Amino acid sequence: DWALYVSSFGSNKIVKFNTTGVAMVFATNGANGVLSEPNGLAFDGLGNLYVANAGNNTIEKYDTQGNGTLFAASGGNSPNGVAFDGQERLYVANYAGQNIYRITNSSGQGSVFASGLAVLNEPQGMAFDNASNLWVANPNGGWIEKFDPQGNGTKVHTNLPSISCIVFDTIGNLYVDGGNQIVKFDTQGNQTTFASGGGLSTVKGMAFDSSGNMYVASFGSSSVQKVDPQGQVTTFAGSSSGLSTPTFLSIREDSRYSTDWHKVAGGGGTS
């Protein structure tokens, strides 16, 4: 089973799509949980969805039926990207707090994993690579920070204007937003333009399905664009589906609840 979940930042909703682009509202503020400027999305190994709320500095947890409960305070200000590691620990990029907060248990308790303007400057999107390193987009500085499992940071891929989201494919290629385009870095670090135009407008989130298609949250056009493996862009869902300035998105495929799943679920965000 395949479903795409999108944070509708401007309307305080999580919108769910099936494979043909048919939309339904999965969660709305006050009806089945608290959503306040929803940003980052991440699934745990049981299929529960975790949402970063930039508006009230919390993480909301939704079960598979869409029932929401408060999971944790984010440990900072304006949480954006969220990502699970292979040990089911949740990492939160705090945009205004200039840190990465790591939640280590089911009670929502955690601590700061990394901080400091020298390595983190308004962090947003995050993704894990095949070696369990955490990569973080720093839009204000225009670089990506790479953290090993021990929390040691290294600055990579600098001079990236408008960067807010990153995602890996299954073979380790890195994809980065560039405003109205998507840039690809292969495993040797070579840079090419993967996709541009075709409805891409202020890209804020990216995720792959198991067939290698990329789905992109276009904040500027309140739409989701689909990019095939050859980089061809088509519109998957428009603003008529209920989206308003979407930020992050994530794909739930039941067969992929494993550490492999967390590598390809990625996104961007906004303050």
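We count residues from 1, following the sequence as given. Quick caveat: nothing in here was measured; it's all calculated off a predicted structure.
Note on F113: it clusters hydrophobically with M126, by side-chain heavy-atom contacts below 4.5 Å among ILVMFWY residues. By the rule that hydrophobic residues join a cluster once side-chain heavy atoms approach within less than 4.5 Å of another member, V112 and L90 end up as members of one cluster.
The distance from atom CZ of F84 to atom CG of D44, rounded to the nearest 0.5 Å, is 5.0 Å. In this structure, CG in N56 is found 9.0 Å from CD in E37, a value given to the nearest 0.5 Å. We find the OG1-CZ distance between T192 and F194 to be 9.0 Å, quoted to the nearest 0.5 Å. If you take NZ on K13 and CG on L35, they are separated by 11.0 Å, rounding to the nearest 0.5 Å. Between S164 atom OG and M206 atom CE the span is 8.0 Å, to the nearest 0.5 Å.
Listed here is the closest heavy atom pair of T234 and Q225: O-OE1, 3.2 Å. In terms of heavy-atom proximity, W135 sits nearest to N133 at CD1-O, 3.4 Å.
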Decide yes or no on side chain to side chain donor-acceptor pair (under 3.5 Å) for E60 and T58, but give the supporting numbers first. CA-CA 6 Å; E60 189 82 357; T58 64; 5.0 Å; no

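Residues satisfying the ring-ring contact (aromatic ring centres under 6.0 Å, His included) criterion with F185, sequence neighbours excluded, are H157. For N173, the side chain to side chain contact (heavy atoms under 4.5 Å, CB included) criterion is met by D169, I171, Y175, K184, D186, T187, not counting sequence neighbours.
Tested against Y91 for a ring-ring contact (aromatic ring centres under 6.0 Å, His included), the candidates Y101, F147, F128 yield a single pass: F128.
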